[in-house]
Amino acid sequence: MPLQRSNTADKFIVDRRKRHRNSDVARAVRKTRDRLSQQAGNPDFDRELLKLHARAMTSGAIAIPLLVLAIAAGGRLAGIGNEIGLWALFTLTCYTIVAFMARRIERTEASELNPLQARREFLIGHFLCGLGWAWFVWLGCSVCEVDPFHIVKAVVLLFAMAATAVMTSSLRGALLATFAVPVALYAYAGAKLWMPVEAIMAALLVVSLPFFAYVARHLNHSSLMMLSFRSEKDALIAELETAKSMSDEARRRAEDANLAKSRFLASMSHELRTPLNAILGFSEVMSNEVLGPMSNPTYRDYAHDVHESGQHLLDLINEILDLSRIEAGRYQLNEEPVMLLGIVEDCCHMMELRARNKDIRVVQDFEHELPRLFADERAVRQITLNLLSNAIKFTATGGEIRVRVGWTAGGGQYISIKDNGPGIPEDEIPIVLSAFGQGSIAIKSAEQGTGLGLPIVQGLLAMHGGEFELHSKLREGTEAIAIFPLSRVMEELPALPTAAVAARRR
């Protein structure tokens, strides 16, 4: 019979076929990487500069045409004639061509641009616009009454050069391609007329052209710096997004692993506890000879060992489940007013037999008249038993354990259990406080444990808003302190008045 594979995820296994990747993060990382790869072999950012130039020409497409229309209207009022209208029509056509070219490049993806071809097309378009301005310089006004017409031309060219220098700063050479011919033609006309005013204006235009070119070059350098900073920022964003995506993936895997662990523990706790109950019950019946005496005493010892091993395994399962519930935030506290002093006394009485078997003296140093504590009695009892069990386990025969209960400096209550055992090296304290962690000296000198007692104590105290402190010196002993905060201490209510006091008040 062929092996059949289920199409659905098992209820105890995490289904990893689902896609958990953050699509927005992946898309952002891919887009940024594509942009960086486009710019990796192009240090001058030609594509980005062309896009900036196209955006500037599109947004300012109406500025210079308005100037042209104003000049045409003023020329008509001055009586220049139809030639000024033809000039305006030609110049507006050239700027319209440049605007459509800029709109097309602006809509094109940066990766699909050919920088050399786009730059050549832009320069040709600006050169055609420059021919329009050259035509304007060549215009005459023999009929109009405006005498300083050449001065007006120079002022208009200065305005046009200033606007073009700002708008075309992202494209190197655009200003010279536009106004080199008009300025040269104006200088030729001024030299031909040889009038002082025209010569001065020609010199002014000749000097202004390299000045505006210098301004445009500095603006271009600022654009390059801005693009460089943006590229570095995009690189950092890409790294951060990649790290975030990796951390999200790691967190998802950790959550899946934690879910699988929880499901495994939930399943195996039932599967293990069911046979353990039978093992513990039957082994106890056999060791106590409830159904009759055993002929061979070795069998009775074996039954006793089986019962102890089963009890140890059950305790281990319970500790693992408790720690798992605490880590998952599913440990429910049954909070009620409890007397910390009474709980610690009960725990000391429970552990007294174990301490006596090792000839360990337990000294109780309690502050009496402590108010009630609003806490989970089972959790407080488990904290105390875990700390006492560790102290008895790691204290040598004939040692001493001092148990103290009292007030903290902040108004809370504490439990302190100090022994004179082998102690813990300072560098091993974080290991001891971690799950399944054990100190090297403690392992060699005492019976091995599961390493879950102190993590459970920390988790239970954290759920109560308290703190856990572990102080130890090598070969001098260890002190474990469980601190409950002031918010857990309940104030004592005043006594109710007696009948005599009530009658006296009446």
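In this structure the side chain of Glu479 never reaches within 4.5 angstrom of the side chain of Glu469, judged on heavy atoms. Residues Val380 and Glu377 have side chains not in contact (no heavy-atom distance under 4.5 Å, counting atoms from C-beta outward). Put simply, the side chain of Leu92 reaches to within 4.5 Å of the side chain of Leu69, judged on heavy atoms. In this structure the side chain of Phe122 reaches within 4.5 angstrom of the side chain of Ile105, judged on heavy atoms. Under the 4.5 Å side-chain criterion, counting only non-hydrogen atoms from C-beta, Leu236 is in contact with Glu239. At a threshold of 4.5 Å between non-hydrogen side-chain atoms, the residues Met57 and Val98 count as touching. Counting only heavy atoms from C-beta outward, the side chains of Ile424 and Leu474 never approach each other to under 4.5 Å. For the pair Ile417 and Asn390, the minimum side-chain heavy-atom distance is 4.5 Å or more.
Residue Ala56 comes nearest to Ser59 through the heavy atom pair O-OG, 3.1 Å, listed as atom of the first residue, atom of the second, then distance. Pairing each heavy atom of Pro182 with each of Gly130, the nearest pair is CG-O, 3.2 Å. Minimum interatomic distance between Leu486 and Gly411 (heavy atoms only, all atoms of both residues): CD1-O, 3.3 Å. Heavy-atom minimum distance, Thr164 versus Phe179: OG1-CE1, 3.3 Å. Pairing each heavy atom of Ala102 with each of Ala54, the nearest pair is O-CB, 3.4 Å. Of all non-hydrogen atoms in Ser170 and Leu52, the two that sit nearest each other are OG-CB, 3.7 Å.
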Listed pairs under 3.5 Å, donor-acceptor, residues 206-214 side chains, sequence neighbours left out:
{"residue": "Ser208", "atom": "OG", "partner": "Leu204", "partner atom": "O", "Å": "2.6"}
{"residue": "Tyr214", "atom": "OH", "partner": "His218", "partner atom": "NE2", "Å": "2.8"}

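Residue His471 holds its NE2 atom at 11.0 Å from NZ of Lys473, rounded to the nearest 0.5 Å. Atom NZ of Lys153 sits about 9.0 Å away from atom CH2 of Trp138, to the nearest 0.5 Å. With values rounded to the nearest 0.5 angstrom, Leu460 atom CG is found 5.0 Å from Ile383 atom CD1. To the nearest 0.5 Å, the span separating OG on Ser434 from CD1 on Ile429 amounts to 12.0 Å. Rounded to the nearest 0.5 angstrom, Leu89 CG and Ile84 CD1 are separated by 12.0 Å. Distance CD/Glu112 to CZ/Arg47: 10.5 Å, rounded to 0.5 Å.
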- Message: Please determine whether side-chain contact (heavy atoms from CB on, under 4.5 Å) holds for the pair Gln382 and Ile456, giving the CA-CA distance in whole Å, both sets of side-chain angles, and the decisive distance to 0.1 Å.
- Response: CA-CA 9 Å; Gln382 187 172 3; Ile456 291 175; 3.7 Å; yes

- Task: Before giving the answer on side-chain contact (heavy atoms from CB on, under 4.5 Å), spell out for Val156 and Ile71 the whole-Å C-alpha distance, their side-chain angles and the decisive distance to 0.1 Å.
- Result: CA-CA 8 Å; Val156 169; Ile71 294 171; 3.0 Å; yes

- Run the numbers on Leu171 and His126 for side-chain contact (heavy atoms from CB on, under 4.5 Å), then give the verdict. CA-CA 11 Å; Leu171 183 66; His126 286 294; 4.1 Å; yes

- Task: Would you sort out whether Met161 and Leu205 count as a side-chain contact (heavy atoms from CB on, under 4.5 Å), showing the intermediate values?
- Result: CA-CA 9 Å; Met161 278 194 293; Leu205 286 176; 3.6 Å; yes

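For the side chain to side chain contact (heavy atoms under 4.5 Å, CB included) test, residues two or more places apart in sequence or in another chain that qualify with Gln458 are Leu433, Phe468. Evaluation of the side-chain hydrogen bond (donor to acceptor under 3.5 Å, both in side chains) rule for Trp87 yields Thr91 as partners, not counting sequence neighbours. Under the rule for a salt bridge (charged side-chain N to carboxylate O under 4.0 Å, His left out), the partners of Arg104 that lie at least two apart in sequence or sit in another chain are Glu121. Residues that satisfy the side-chain hydrogen bond (donor to acceptor under 3.5 Å, both in side chains) test with Tyr95, not counting sequence neighbours, are Trp133. Taking the side chain to side chain contact (heavy atoms under 4.5 Å, CB included) definition, one finds that Ala99 meets it with Ala61, sequence neighbours left out. Evaluation of the ring-ring contact (aromatic ring centres under 6.0 Å, His included) rule for His464 yields Phe484 as partners, not counting sequence neighbours. Residues satisfying the side chain to side chain contact (heavy atoms under 4.5 Å, CB included) criterion with Leu385, sequence neighbours excluded, are Cys347, Met350, Met351, Arg381. Taking Arg251 as the reference, Glu255 meet the side-chain hydrogen bond (donor to acceptor under 3.5 Å, both in side chains) condition, with sequence neighbours excluded. Applying the salt bridge (charged side-chain N to carboxylate O under 4.0 Å, His left out) criterion to Glu476, with sequence neighbours excluded, gives no partner residue. Taking the side-chain hydrogen bond (donor to acceptor under 3.5 Å, both in side chains) definition, one finds that Thr478 meets it with Ser472, sequence neighbours left out. Considering only residues two or more places apart in sequence or on other chains, Arg488 meets the salt bridge (charged side-chain N to carboxylate O under 4.0 Å, His left out) condition with Glu335.
A side-chain donor-acceptor contact under 3.5 Å links Asn220 to the backbone of Ser169. In terms of modelled atom types and a separation under 3.5 Å, the side chain of Asn386 and the main chain of Val457 share no donor-acceptor contact. When atom types are taken as modelled, the side chain of Lys51 and the backbone of Thr108 share a donor-acceptor pair closer than 3.5 angstrom.
With Arg172 as the partner, the side chain to side chain contact (heavy atoms under 4.5 Å, CB included) test is satisfied by one option alone out of His53, Arg217, Arg119: Arg119.
Crowding of Phe127 atom CZ: a count of heavy atoms from other residues, nucleotides or ligands under 6.0 Å not exceeding 12. The environment of CG in Asn82 is sparse: at most 12 heavy-atom neighbours from other residues, nucleotides or ligands sit within 6.0 Å.
Note on Glu241 versus Lys244: no salt bridge recorded, every NZ/NE/NH1/NH2 to OD/OE distance being 4.0 Å or above.
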